[in-house]
Amino acid sequence: MNARHILTIARKELRGIRNERTIVLAILLQVFIAMFSSFLVVGLTTLYDPSSLGGLAGGYAVGYAGADSPLDGLLEEKGFSVHHMDLSDAVASLSERKLAAAVWVPDTPPDAAEPVKITLYTVKNDISASVTGTRIREALETYEGMLRDTRSDRLDVLPIEVAIPSGSGGQGFFIFIYGLLVPLLLFMPAIISASLIIDFITEEYSARTLETLLSTPLTFSEILWGKVFAAWVLVPVQAGAWLILLAINGITIANVVPVLLHVAVASLALILIGAIAALHYRERTSAQFIYSTALVAVLLVVLSVPGNPVNLVVLLAAGTAVPAGWTGLLVVGGGATLLALFTERYARRIARTTTP
């Protein structure tokens with residue numbers, strides 16, 4: 001294959017992107033999210049974590065039933081007024097709105113083999129229940145950490161210590177920023193580019209311009225890889241721009257180069273899946289439908305693996321040392337290489353029936 005021919009096709013497709021209004025609007029939407037991420041984080045985190053408003057749970061009464069445990073003191077530390085009573089009395093008081101919540105703790109010893117199953121009762125469809133539930137969740141998470149420490153000798157695999165960057169605003173902000181916002185901004189360009197490659201390929205068939213291109217010195221494979229390159233090169237460029245805008249908004253992103261490498265390799269795999277669908281169906285609607293369906297299936301399978309690219313990007317962006325990061329990159333790169341080999345072979349097969 002001639003690299004100049006591939007770049008010629010890539011430049012042609014990149015110039016044509018300006019006419020794709022849907023793509024331009026999608027990019028502008030991402031720019032808006034990245035530019036004003038600080039404002040969005042404050043507003044959306046308030047919905048996600050009502051306690052971020054501060055101090056709303058102070059003074060609420062909670063009914064405590066069951067065995068004694070450190071959870072009693074943890075609830076008081078969160079500002080709750082804890083009342084010890086029978087479970088039936090606590091539930092009755094909760095139904096009469098005399099309590100904000102009721103907690104029942106079993107008499108399971110902290111070092112027992114079975115899990116400690118704590119039951120929490122709250123009022124449905126109540127704003128105060130959302131606030132108190134969040135504060136109680138923090139106490140439960142602290143208690144969970146104490147139980148994990150007690151049972152740590154049973155661990156077969158050491159957990160990864162997630163480094164929360166200073167100034168990230170606490171756990172709620174950290175989860176929203178690094179667990180949702182960063183993956184959304186970094187992987188959305190990959191999904192858009194995978195749809196873009198379908199349009200690049202199918203429009204040659206629908207506009208009947210493929211025969212014209214093949215009458216030039218260009219080969220079918222060069223045309224295909226030029227389009228793939230045009231769609232792929234947009235991903236690291238957009239992702240890098242989003243990282244810069246996030247940094248301007250005060251959101252620290254660590255390990256920028258590894259993060260961009262993971263995004264670029266994973267996006268190449270998605271783009272090749274889109275290219276294969278477009279080559280097979282040669283019609284935009286069918287190819288987009290099959291790609292969208294395949295995308296859901298692929299995401300479900302990939303996200304079920306702990307070391308998937310999304311998890312690795314989140315950990316790397318937060319500055320966490322990820323020993324399996326390069327291994328994960330090699331695995332995804334190997335999958336992308338296999339897809340590239342299959343795409344090339346399939347393209348040559350099509351070329352034998354298309355070349356005039």
Engineer: Among pairs that include at least one residue of residues 84-120, which meet ring-ring contact (aromatic ring centres under 6.0 Å, His included), considering only residues two or more places apart or in two chains?
Structural biologist: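 Checked against ring-ring contact (aromatic ring centres under 6.0 Å, His included) - neighbours excluded - the pairs reaching residues 84-120 are Y64-H84.
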Engineer: Is any side-chain heavy atom of N308 closer than 4.5 Å to one of L312?
Structural biologist: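 No. Closest side-chain heavy atoms not under 4.5 Å.
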Engineer: Taking all heavy atoms of P309 and all of V302, pick out the closest pair and write down the distance.
Structural biologist: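 Scanning both residues, the minimum pair turns out to be CD-CG1, 3.7 Å.
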Engineer: Determine, for R151 against D111, whether the closest basic-nitrogen to carboxylate-oxygen distance falls under 4.0 angstrom.
Structural biologist: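 A salt bridge is absent here (no side-chain N lies under 4.0 Å from a carboxylate O).
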Engineer: Heavy atoms only: give me the nearest V263-L186 pair and the separation to one decimal.
Structural biologist: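 Shortest heavy-atom contact: CG1-O, 3.3 Å.
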Engineer: Does anything in residues 335-346 form a side chain to side chain donor-acceptor pair (under 3.5 Å)? List the pairs, not counting sequence neighbours.
Structural biologist: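 Sorted result for residues 335-346: S221-E344, W225-E344, H280-Y346, E344-R348.
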Engineer: Could K78 and E138 be called an ion pair, given the rule that one side-chain N must be under 4.0 Å from one carboxylate O?
Structural biologist: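 Looking at E138 together with K78, the answer is yes, because their closest N to O distance falls below 4.0 Å.
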Engineer: Apply side-chain contact (heavy atoms from CB on, under 4.5 Å) to residues L234 and L196 and explain how you reach the verdict.
Structural biologist: CA-CA 10 Å; L234 291 173; L196 200 58; 3.7 Å; yes
Engineer: Once you round to the nearest 0.5 Å, how far does CD1 of I248 lie from CD1 of I244?
Structural biologist: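 Interatomic distance, I248 CD1 to I244 CD1, rounded to 0.5 Å: 7.0 Å.
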Engineer: Between N255 (side chain only) and P258 (backbone N and O only), is there a donor and an acceptor less than 3.5 Å apart?
Structural biologist: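 Looks like no, no N/O pair under 3.5 Å.
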Engineer: Please check if I253 and V237 belong to a single hydrophobic cluster, counting links between Ile, Leu, Val, Met, Phe, Trp and Tyr side chain heavy atoms closer than 4.5 Å.
Structural biologist: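 Different clusters: I253 never reaches V237 through Ile, Leu, Val, Met, Phe, Trp or Tyr contacts under 4.5 Å.
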Engineer: Looking at every non-hydrogen atom in both residues, tell me the closest pair between E203 and T209 and how far apart they are.
Structural biologist: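 Scanning both residues, the minimum pair turns out to be O-OG1, 4.3 Å.
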Engineer: Measure the spacing between CG of L279 and CD1 of I350 and express it to the nearest 0.5 Å.
Structural biologist: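 Atom-to-atom, L279:CG and I350:CD1 are 4.5 Å apart.
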Engineer: Among Ile, Leu, Val, Met, Phe, Trp and Tyr joined by side-chain contacts under 4.5 Å, find the other residues sharing a cluster with I290 and list them by chain and number.
Structural biologist: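 I290 clusters with Y281, F289.
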Engineer: Group every Ile, Leu, Val, Met, Phe, Trp and Tyr by side-chain heavy-atom contacts under 4.5 Å, then state whether I198 and F220 land in the same group.
Structural biologist: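 Yes.
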Engineer: Other members of the hydrophobic cluster containing V296, with the 4.5 Å side-chain heavy-atom rule, please.
Structural biologist: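 When side chains under 4.5 Å apart are linked, the cluster holding V296 also contains L300.
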Engineer: Any salt bridge (Lys or Arg N to Asp or Glu O under 4.0 Å) involving residues 221-239? Give me the pairs, sequence neighbours left out, ordered by first then second residue.
Structural biologist: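 Residue pairs passing salt bridge (Lys or Arg N to Asp or Glu O under 4.0 Å), neighbours aside: E13-K227, E204-K227.
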Engineer: When rounded to the nearest 0.5 angstrom, what is the spacing between CG in L214 and CG in L210?
Structural biologist: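 Between atom CG of L214 and atom CG of L210 there are 4.5 Å.
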Engineer: Is there a donor-acceptor contact under 3.5 Å from the side chain of T216 to the main chain of T212?
Structural biologist: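 Checking the backbone N and O of T212 against the side chain of T216, no donor-acceptor pair under 3.5 Å is found.
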Engineer: Can you check side-chain contact (heavy atoms from CB on, under 4.5 Å) on E114 and T108, steps first, answer last?
Structural biologist: CA-CA 8 Å; E114 63 270 20; T108 308; 3.8 Å; yes
Engineer: If hydrophobic clusters are built from ILVMFWY residues whose side chains come within less than 4.5 Å, do V331 and L339 share one?
Structural biologist: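 Per the 4.5 Å side-chain linkage, V331 and L339 are not co-clustered.
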Engineer: Please answer: with hydrophobic residues joined when any side-chain heavy atoms are less than 4.5 Å apart, are L338 and V228 in the same cluster?
Structural biologist: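 L338 and V228: separate clusters.
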Engineer: Go through L316 and H262 one step at a time and tell me if the side-chain contact (heavy atoms from CB on, under 4.5 Å) criterion holds.
Structural biologist: CA-CA 10 Å; L316 288 170; H262 278 277; 3.5 Å; yes
Engineer: List the steps and the verdict of side-chain contact (heavy atoms from CB on, under 4.5 Å) for L295 and I273.
Structural biologist: CA-CA 8 Å; L295 177 64; I273 292 174; over 6 Å; no
Engineer: Say you draw a straight line from CE of M188 to OG of S267; how long is it, rounded to the nearest 0.5 Å?
Structural biologist: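 Result: 14.0 Å between the selected atoms.
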Engineer: Any non-hydrogen side-chain atom of W242 less than 4.5 Å from a side-chain atom of P189?
Structural biologist: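 Yes; the side chains approach each other to less than 4.5 Å.
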Engineer: Considering all heavy atoms of both residues, which atom of G63 and which atom of A90 are nearest to each other, and what is their separation?
Structural biologist: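 Between these two residues, the closest heavy atoms are CA-CB, 4.4 Å.
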Engineer: Can you see which heavy atom on A139 is nearest to which on L75, and at what distance?
Structural biologist: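 Heavy atoms of A139 and L75 come nearest at CB-CD2, 3.8 Å.
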Engineer: Counting only N and O atoms by type, is there a donor-acceptor contact under 3.5 Å from the side chain of W232 to the main-chain atoms of A264?
Structural biologist: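 Yes; judged by distance alone, with no hydrogens or angles, the pair exists.
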Engineer: Would you say that more than 12 heavy atoms from the other residues, nucleotides or ligands in this model lie under 6.0 Å from the CG of D107, or not?
Structural biologist: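 Result for CG/D107: open.
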Engineer: Is there a path of hydrophobic side-chain contacts, each under 4.5 Å between heavy atoms of I, L, V, M, F, W or Y residues, that connects L261 with Y178?
Structural biologist: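 L261 does not cluster with Y178.
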Engineer: Is it the case that the side chain of D86 and the backbone of S88 share a donor-acceptor pair, with hydrogens and angles ignored and the cut-off at 3.5 Å?
Structural biologist: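 No, D86 side chain to S88 backbone: no donor-acceptor pair under 3.5 Å.
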Engineer: Between atom CG of L213 and atom CD1 of I9, what is the distance when rounded to the nearest 0.5 Å?
Structural biologist: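 Going from the CG atom of L213 to the CD1 atom of I9 covers 5.0 Å.
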Engineer: Taking the side chain as everything from C-beta on, heavy atoms only, tell me whether L74 gets closer than 4.5 Å to M146.
Structural biologist: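 Side-chain contact under 4.5 Å: yes.
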Engineer: What's the separation between atom CG in D199 and atom OG in S193, rounded to the nearest 0.5 Å?
Structural biologist: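 Between D199 CG and S193 OG, I get 11.0 Å after rounding to 0.5 Å.
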Engineer: Testing the basics here: between V116 and P109, what is the closest heavy-atom pair and its distance to 0.1 Å?
Structural biologist: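 Here V116 and P109 meet closest at CG2-O, 4.3 Å.
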Engineer: Strictly distance-based, threshold 3.5 Å: is any side-chain N or O of S95 a donor or acceptor partner for the main-chain N or O of A92?
Structural biologist: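 Judged by distance alone, yes, a pair lies under 3.5 Å.
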Engineer: Report yes if the side chains of L7 and R11 come closer than 4.5 Å at any heavy-atom pair, otherwise no.
Structural biologist: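 Side-chain contact under 4.5 Å: yes.
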Engineer: Contact between E283 and T285 at the side-chain level, heavy atoms closer than 4.5 Å - yes or no?
Structural biologist: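 They are in side-chain contact.
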Engineer: Should side-chain heavy atoms under 4.5 Å link Ile, Leu, Val, Met, Phe, Trp and Tyr, which residues sit in the same cluster as V305?
Structural biologist: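 Taking Ile, Leu, Val, Met, Phe, Trp and Tyr as members, V305 stands alone, with no cluster partners.
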Engineer: With side chains defined as the heavy atoms from C-beta onward, is the minimum distance between R97 and V123 less than 4.5 Å?
Structural biologist: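 Yes - at least one pair of side-chain heavy atoms lies under 4.5 Å apart.
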Engineer: Do V182 and L246 have side chains that get closer than 4.5 Å, going by heavy atoms?
Structural biologist: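 Yes; the side chains approach each other to less than 4.5 Å.
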Engineer: How about I118 and P106: do any of their side-chain heavy atoms sit closer than 4.5 Å?
Structural biologist: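 A side-chain contact under 4.5 Å exists here.
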